[in-house]
Protein chains: 2
Amino acid sequence: MPGIDDVARLAGVSTATVSRALSGNGPVSDRTRARVVQAASQLGYVVSSDASSLASGRTRNIGAVVPHLSRWFFTSVIEGAERVLLGQGYDLTLYNLSGDGGERRRVFDHHLLRNRVDAVFTVSLELAEEEVGRLLALGKPVVGVGGPLPGVSTLTIDDLAVARLATEHLISLGHRRIAHIGGSQEFDLDFHIPTSRRLGYEQALRDAGLPVDEQLHRASDFTLPGGYDAAKQMLGSPHERPTAIFAASDEMAIGAILAARDLGLSVPRDVSIIGIDDHPLADFFGLSTVAQHPGRQGEQAAALLLDALQAARTSPGRARAEPLSHTAPADLIVRSSTAVHP
Amino acid sequence: MPGIDDVARLAGVSTATVSRALSGNGPVSDRTRARVVQAASQLGYVVSSDASSLASGRTRNIGAVVPHLSRWFFTSVIEGAERVLLGQGYDLTLYNLSGDGGERRRVFDHHLLRNRVDAVFTVSLELAEEEVGRLLALGKPVVGVGGPLPGVSTLTIDDLAVARLATEHLISLGHRRIAHIGGSQEFDLDFHIPTSRRLGYEQALRDAGLPVDEQLHRASDFTLPGGYDAAKQMLGSPHERPTAIFAASDEMAIGAILAARDLGLSVPRDVSIIGIDDHPLADFFGLSTVAQHPGRQGEQAAALLLDALQAARTSPGRARAEPLSHTAPADLIVRSSTAVHP
DNA sequence: GTGAAAGCGCTAACAT
DNA sequence: ATGTTAGCGCTTTCAC
């Protein structure tokens with residue numbers, strides 16, 4: 001492994017100049033830079049990140065804290081973030097909190113503290129106040145994606161508005177008995193999201209002068225089987241069957257579609273179904289939905305963090321920026337699972 | 001941020017002793033260790049990973065190189081690996097090669113070279129010879145999970161045997177017209193896996209004295225919609241319809257189940273279907289399958305790497321270990337999608 | 001625009 | 001078992 005002084009020797013300059021030429025920090029003449037770059041690539045020189053980090057205080061690494069890896073939303077956010085990070089020469093270190101809970105303590109007490117990352121983003125995480133405190137105590141840029149996080153800059157769709165939109169779509173099609181399959185705290189690390197979506201659903205009903213019927217709400221777990229079970233209960237009832245279902249996630253909505261089929265109901269003739277997400281399978285099932293774009297959210301989160309790091313370099317004097325709430329776009333996609341109420 | 005000498009001062013010992021006490025490398029009396037640990041926790045001291053890495057040459061970080069994040073298998077492997085790594089104080093840095101291909105070059109030419117990781121595992125990756133070369137040139141432990149990688153230690157199920165097992169299950173139920181939905185090179189970064197599975201299928205047929213019929217093979221893309229399309233073509237044929245389908249992945253098998261339903265065929269009465277994976281949705285769909293356990297594969301991969309690192313510390317003289325092929329266990333799980341041929 | 005040199009915060013000989 | 005000290009390979013003042 002060639003070192004910086006090998007490059008310096010070959011290029012006939014000092015190590016300081018090599019560092020400046022390769023990092024872009026500090027003035028170097030074009031001729032010199034060219035020589036250095038040439039020498040570096042000739043030797044196959046790549047800077048040692050440890051040495052560079054130690055000397056500069058910057059790691060060029062971003063931490064991503066997620067509750068699971070097994071859900072489409074989380075992984076899409078990470079993929080999006082990594083797209084922009086890799087492009088900027090940053091690495092992404094993953095802290096997955098699934099598991100017994102020992103993970104959780106270790107990550108917050110140890111891993112995040114040892115200066116391995118310049119900034120952190122979390123995905124759909126419901127953090128204890130103490131954990132938020134630890135995160136902020138790092139003194140590093142932090143962004144929370146998908147769900148509000150008190151005291152932290154966040155990036156998320158407006159869950160309430162999105163739920164309203166989905167519900168209003170059904171109302172506008174003439175539906176009056178509209179059921180909701182949501183989430184519940186017991187199933188999820190994050191309970192703000194299901195709550196906001198439920199509130200949006202109820203608001204839409206009230207604004208349309210429709211009653212909010214407890215019988216038409218089921219709490220589930222955001223999975224396909226969960227949506228199936230919930231829908232089957234509601235659709236199986238011989239009386240007062242809903243004519244439309246709004247599920248808080250596409251996976252639950254797909255479960256609902258399968259439940260309807262198993263009950264001999266046709267979608268959308270007998271029942272309209274809409275979800276939230278625009279999951280990859282939504283198209284296959286003809287599912288109407290409100291798309292959120294987790295990949296883009298990840299990209300945007302990464303961009304926010306890189307900007308903050310840049311700002312910190314430019315004006316180190318500035319106090320830490322105020323936490324900001326960024327709203328990610330979401331759009332209604334109408335497919336074949338929703339239609340007018342006959 | 002307190003440093004090691006703050007701890008040393010408070011504990012009344014030298015920095016070397018602090019280092020030894022906290023890392024466990026080198027002898028420290030129990031009394032001293034207790035004092036140091038107490039001082040460290042009192043100050044909230046956490047070692048700076050950069051400084052430690054630079055001085056020791058060890059990063060306590062493992063690199064994971066994956067082709068996508070959006071597939072259940074990959075994320076499960078990573079989750080498994082991270083379970084054991086976090087427990088050992090290791091971080092996991094993720095290199096996701098999805099994207100335009102620029103990623104791919106950058107990762108191999110730059111990110112992996114800058115000494116940020118002690119070891120690397122790859123998941124289901126079909127690497128160019130040059131990329132394998134680069135990986136090995138790191139001089140670090142490398143393990144390939146899910147798919148053979150020439151010159152690299154690997155951990156994978158025996159795809160051929162697994163495919164045979166699935167096919168033999170169908171044969172033992174009296175099926176004689178057994179179709180196969182596989183993968184194809186054009187859809188996948190990795191083409192060994194679909195090929196091995198197809199060969200296993202054909203072997204099982206031949207060994208049972210059954211003909212291998214080109215009409216009964218469809219190449220697809222390992223997704224649910226892909227499996228649906230492939231199955232619909234084969235099952236829709238009015239003549240010579242297969243009585244059983246072996247799909248190379250559960251997602252394709254689930255697509256096949258849905259295709260059968262849409263054609264008015266009952267599973268398993270009219271057609272038996274089996275997959276490979278034991279995907280989380282397999283149970284919901286009653287899908288018979290051959291389970292591989294990607295989480296455990298990830299755990300085992302991590303353990304292999306940690307062992308190799310340990311071995312390298314113990315006997316640094318030893319030449320790099322020979323590449324070893326480890327076979328991960330896989331077991332037939334019979335659910336309700338397969339039954340005797342009437 | 002470039003070079004000299006002082007660290008960055010640890011670890012690992014080596015000495016005691 | 002513990003302390004002293006010389007780096008690890010860079011970046012960044014500070015001179016020039």
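First the proteins, then the strands, lettered A, B, ... as listed; each starts at 1. Because only heavy atoms are used, hydrogens play no part in the values below, and waters and symmetry mates are left out as well, while side chains stay in.
Mapping B:Thr17 and B:Ala55 onto DNA chain D via the closest heavy atom, the residue that lands nearer the 5' end is B:Thr17.
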All N/O donor-acceptor pairs, side-chain side in residues 76-87 of chain B, below 3.5 Å, sequence neighbours left out:
from    : atom 1 : to       : atom 2 : distance (Å)
B:Ser76 : OG     : B:Trp72  : O      : 2.8
B:Ser76 : OG     : B:Trp72  : NE1    : 3.2
B:Glu79 : OE2    : A:Leu69  : N      : 3.0
B:Glu79 : OE2    : A:Asn96  : ND2    : 3.0
B:Glu79 : OE2    : A:Ser98  : OG     : 3.1
B:Arg83 : NE     : B:Glu299 : OE2    : 3.0
B:Arg83 : NH2    : B:Glu299 : OE2    : 2.9

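No hydrogens or angles considered: a donor-acceptor pair under 3.5 Å links the side chains of A:Asn61 and A:Thr93.
Two residues are said to be in side-chain contact when any heavy atoms from C-beta on lie closer than 4.5 Å; B:Leu155 and B:Phe121 fail this criterion. Annotation: side chain of A:Gln300 is not in contact with side chain of A:Val145 (no heavy-atom distance under 4.5 Å).
Atom-to-atom distance recorded for B:Leu309:CG and B:Thr314:OG1 is 10.5 Å, nearest 0.5 angstrom. Between A:Lys140 atom NZ and A:Ile62 atom CD1 the span is 9.5 Å, to the nearest 0.5 Å. For the atom pair A:Glu131 CD and A:Arg134 CZ, the distance stands at 8.5 Å (nearest 0.5 Å). Separation of atoms CG (B:Leu149) and CG (B:Leu127) is listed at 5.0 Å; rounding is to 0.5 Å. Taking CG from B:Leu112 and CZ from B:Arg106, the interatomic distance works out to 13.0 Å, rounded to the nearest 0.5 Å. Distance OG1/B:Thr122 to CZ/B:Phe74: 10.5 Å, rounded to 0.5 Å.
Remark: the backbone N or O of A:Leu324 is paired with a side-chain donor or acceptor of A:Ser153 at under 3.5 angstrom. At distances below 3.5 Å, not a single donor-acceptor pair connects side-chain atoms of B:Arg104 with backbone N or O atoms of B:Leu97.
Candidate nucleotides D:dT11, D:dT4, D:dC10 were compared by shortest atom distance to the side chain of A:Arg58, and D:dT11 ranks first.
Near DNA chain C, defined here as any heavy-atom distance below 4.0 Å, the residues from residues 23-33 of chain A are A:Pro27, A:Val28, A:Ser29, A:Thr32, listed numerically. Of the residues in residues 37-46 of chain B, not one comes within less than 4.0 Å of DNA chain D through any heavy atom. Non-hydrogen atoms lying under 4.0 Å from DNA chain D are contributed by nothing in residues 3-10 of chain B.
For DNA chain C, the span of nucleotides reached by chain B at under 4.0 Å from its heavy atoms goes, 5' to 3', from C:dG9 to C:dA13.
As judged by a 4.0 angstrom heavy-atom cut-off over every strand, A:Arg114 is placed among residues making no nucleic acid contact.
With sequence neighbours excluded, no residue forms a salt bridge (Lys or Arg N to Asp or Glu O under 4.0 Å) with B:Arg296. Considering only residues two or more places apart in sequence or on other chains, B:Glu129 meets the salt bridge (Lys or Arg N to Asp or Glu O under 4.0 Å) condition with none of them.
The side chain of A:Ser52 contributes no N or O atom lying less than 4.0 Å from OP1 or OP2 of D:dC10.
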Check the interface with nucleotides 14-16 of chain D: list each N/O to N/O pair with the protein under 3.5 Å, or write none.
none

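At whole-Å resolution of the value, CG in B:Asp50 and P in D:dG7 are 22 Å apart.
Sorted by first and then second residue, the pairs that involve residues 19-30 of chain B and meet side-chain hydrogen bond (donor to acceptor under 3.5 Å, both in side chains), not counting sequence neighbours, are B:Ser29-B:Thr32. Within the structure, the salt bridge (charged side-chain N to carboxylate O under 4.0 Å, His left out) test picks out the following pairs touching residues 110-125 of chain A (sequence neighbours left out): A:Arg114-B:Asp91, A:Arg116-B:Asp91. The salt bridge (charged side-chain N to carboxylate O under 4.0 Å, His left out) contacts involving residues 45-68 of chain A comprise nothing, where partners must be two or more places apart or lie in separate chains.
In this structure, the helix from C:dG1-D:dC16 to C:dT16-D:dA1 shows an angle of 30° between the axis at its start and the axis at its end, each fitted on 5 base pairs and rounded to 10°.
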**OP:** Apply side-chain hydrogen bond (donor to acceptor under 3.5 Å, both in side chains) to A:Ser52 and A:Ser49, showing your working.
**Re:** CA-CA 5 Å; A:Ser52 170; A:Ser49 56; over 6 Å; no

